2 protein chains.
Amino acid sequence: MSISPDAPFGRVIRKLERLVQLGPAERDAIQSLPFKRTDVLPGHYLVREGQVPVDCCILLNGYACRHKTTSSGGRQIVSFHIPGDILDLQHVVLPRADHNVQTISSATVAWVPAAEIKRLALANPVINEALWRDALIDSSIFREWVLNVGRRDAKARIAHMLCEFAARRQAAGLGSTERFELPMSQQQIADATGLTTVHVNRTLFELEREGVISRDKRHVEIANWRLMCQVADFDPAYLHAAV
Amino acid sequence: MSISPDAPFGRVIRKLERLVQLGPAERDAIQSLPFKRTDVLPGHYLVREGQVPVDCCILLNGYACRHKTTSSGGRQIVSFHIPGDILDLQHVVLPRADHNVQTISSATVAWVPAAEIKRLALANPVINEALWRDALIDSSIFREWVLNVGRRDAKARIAHMLCEFAARRQAAGLGSTERFELPMSQQQIADATGLTTVHVNRTLFELEREGVISRDKRHVEIANWRLMCQVADFDPAYLHAAV
DNA sequence: CGTAGGTTTGACTGATCTCAAGTTTGGTGG
DNA sequence: CCACCAAACTTGAGATCAGTCAAACCTACG
């Protein structure tokens with residue numbers, strides 16, 4: 001039977017099921033991974049650049065991001081994460097963290113020993129493939145972000161970020177793209193798009209003035225998804241099976 | 001005994017040996033992969049976005065890049081590749097290409113059936129881990145590129161790109177960081193850094209005027225690597241074991 | 001030696017940043 | 001339930017980095 005969404009790794013399993021077909025053996029194997037559950041506040045660092053983590057962190061609830069900084073203090077968010085995302089699969093095979101992972105809302109995470117994930121991946125070819133896909137889709141998303149910050153103007157850049165967030169959320173069964181609440185501040189949108197807070201603010205108003213989005217507090221409404229995708233130059237192909 | 005550099009996959013094996021310890025079994029397995037060798041001209045497309053490749057492409061000689069475009073025609077190079085790089089490992093598990101792969105010099109490539117690579121990875125845990133590391137280092141490089149185009153100014157951005165290219169070339173045993181020939185045009189540097197050709201040209205002159213680099217045709221000389229790294233805000237940690 | 005692609009230069013424009021000052025919001029304690 | 005505070009958001013004016021357009025100049029190669 002299907003996994004209860006309340007089971008700790010329910011969301012992770014549903015995510016992996018969008019990537020490969022899991023049998024009962026795989027679901028059981030994942031459900032019986034040892035883990036430590038933790039509740040953390042917004043802004044909590046789950047991983048810091050330079051650390052050598054021994055546990056992998058899975059986001060059970062809430063939102064998080066990865067970010068890096070320049071030596072002059074510029075901060076760049078390189079990805080946002082939603083419940084069900086495995087936040088540092090890479091530390092299974094790369095010892096030292098090359099970026100920070102930080103929550104953007106209060107969140108619940110599960111810490112799983114990296115060695116256990118490695119063992120599971122080597123023991124089970126289906127899970128091996130699922131994790132490969134997950135990691136490679138991550139990679140594809142980073143490439144799209146390079147394009148986004150490198151070649152789109154502020155309006156398309158912000159709209160694209162919103163489209164990706166909405167599409168991934170929807171794919172994960174966390175709501176619709178029509179109306180949703182943004183967990184991130186305008187400062188964080190700025191850090192993700194390589195812009196300044198001031199310009200993000202003005203550009204959000206422009207998107208609103210043009211009728212592409214409407215806002216109320218941190219709630220965003222995208223009445224015309226087709227139009228939004230056009231303004232954002234958003235084509236979900238780069239998200240692969242994840243959407 | 002060690003692999004002759006002339007053996008078709010010699011460079012790939014040496015690259016993977018920087019990531020994990022390969023035994024004779026692994027080296028043999030790689031050397032006996034079936035492949036088709038091809039010589040191609042500069043600007044040749046190896047993979048096009050939207051395609052469903054059945055073979056994986058390994059760069060034996062020459063230079064290549066991956067790139068994506070916006071609907072308005074903007075082009076963004078998302079990575080450069082040097083001999084020994086596996087150019088589309090991702091098509092082993094993700095069917096549809098989300099970006100283009102194109103040579104930037106004349107090149108020799110080997111086409112290996114994706115199914116063979118998958119079989120080998122599932123059969124051999126050491127190779128499995130090596131490919132994992134390779135893919136995750138790729139991912140780390142993309143993250144650094146997001147930071148580079150998102151938060152560094154033109155001078156640091158171009159200098160960083162040059163540092164990465166020089167460092168990876170050197171790590172692969174293809175020459176020193178002190179003096180090397182750039183295979184890419186200023187147009188391609190512009191497409192990789194999210195700038196325009198005109199501005200790349202002026203910025204290269206500025207780097208030269210400040211004594212950070214010197215140039216002659218497409219040869220670049222970095223007399224003071226420490227200074228260059230400082231200007232570029234370059235810290236090779238993100239390249240992991242690859243350097 | 002002719003041609004195409006790559007590089008260099010100049011003058012002008014404009015998107016985005018900076019700085020600086022409000023204003024609103026959401027949470028906290030009285 | 002209200003007062004207060006810090007953080008987030010908003011707005012304006014002026015500055016700047018990088019873009020645009022256009023032309024000239026190399027230089028590799030057929």
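Note that this is a predicted model, so its numbers are computed, not measured. When reading the values below, keep in mind they use all heavy atoms of this one structure, side chains included, and skip hydrogens, waters and symmetry mates. Numbers restart at 1 for each chain; the letters A, B, ... are given by sequence-line order, proteins then strands.
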Write down the distance between CG (B:D153) and C1' (C:dC17), rounded to a whole number of angstrom. 13 Å

Using 30° and 60° as the class limits, which term best fits the ring planes of A:Y45 and A:H67: parallel, tilted or perpendicular? perpendicular

5'-most contact on DNA chain C (nearest-nucleotide basis), A:K217 vs A:H199, goes to A:H199

Which of the following nucleotides, C:dG10, C:dT16, C:dC19, is nearest to the side chain of B:V198? C:dG10

What is the separation between atom CD on B:E206 and atom P on C:dT7, rounded to the nearest whole Å? 19 Å

Within 45 degrees of the axis of the six-membered ring of B:F80 and under 6.0 Å from its centre: does B:R66 put its NZ or CZ there? no

Scan B:R157, B:R152, B:R151, B:K155 and name whichever one has a salt bridge (charged side-chain N to carboxylate O under 4.0 Å, His left out) with B:D233. B:R152

What's the closest nucleotide to the side chain of B:N201 if the choices are C:dT25, C:dT7, C:dC17? C:dT7

Nearest non-hydrogen partners of A:I82 and A:R168, listed with the distance: CD1-O, 3.4 Å

Map B:G194 and A:R215 onto DNA chain D by nearest heavy atom, then report which one ends up closer to the 5' terminus. A:R215

Are B:R218 and C:dT7 close enough that a side-chain N or O sits under 4.0 Å from OP1 or OP2? yes

Find the distance A:K155:NZ to C:dG14:C1' and express it as a whole number of Å. 15 Å

Work out which heavy atom in A:P183 is nearest to a heavy atom in A:F165; give both atom names and the distance. CD-CZ, 3.4 Å

Ignoring hydrogens and angles, state whether a donor on the side chain of B:S214 or B:E208 is under 3.5 Å from an acceptor on the partner side chain. no

Would you indicate what B:R157 reaches in the nucleic acid, counting non-hydrogen atoms under 4.0 angstrom: base, sugar-phosphate, or nothing? nothing

First of B:T197 and B:R202 reached from the 5' end of DNA chain C, by closest nucleotide: B:T197

In whole angstroms, the gap separating P of C:dT24 from CG of A:L204 amounts to 18 Å

Given atom CZ of B:R209 and atom C1' of C:dT8, what is their separation to the nearest angstrom? 16 Å

d(CG, A:D191; P, C:dC17) in whole Å: 11 Å

Between C:dG6 atom P and B:E181 atom CD, what is the distance in whole Å? 14 Å

Given side chain to side chain contact (heavy atoms under 4.5 Å, CB included), test A:L182 with A:L162 step by step and report yes or no. CA-CA 9 Å; A:L182 278 184; A:L162 293 176; 3.8 Å; yes

Whole angstrom is fine here: how far is it from CD in B:Q186 over to C1' in C:dT7? 6 Å

Which part of the nucleic acid does B:G43 contact within heavy-atom distance under 4.0 Å: base, sugar-phosphate only, or nothing? nothing

Mind checking which nucleotides bracket the chain B contacts on DNA chain D, 5' to 3', with an atom under 4.0 Å from a heavy atom? D:dA18 to D:dA28

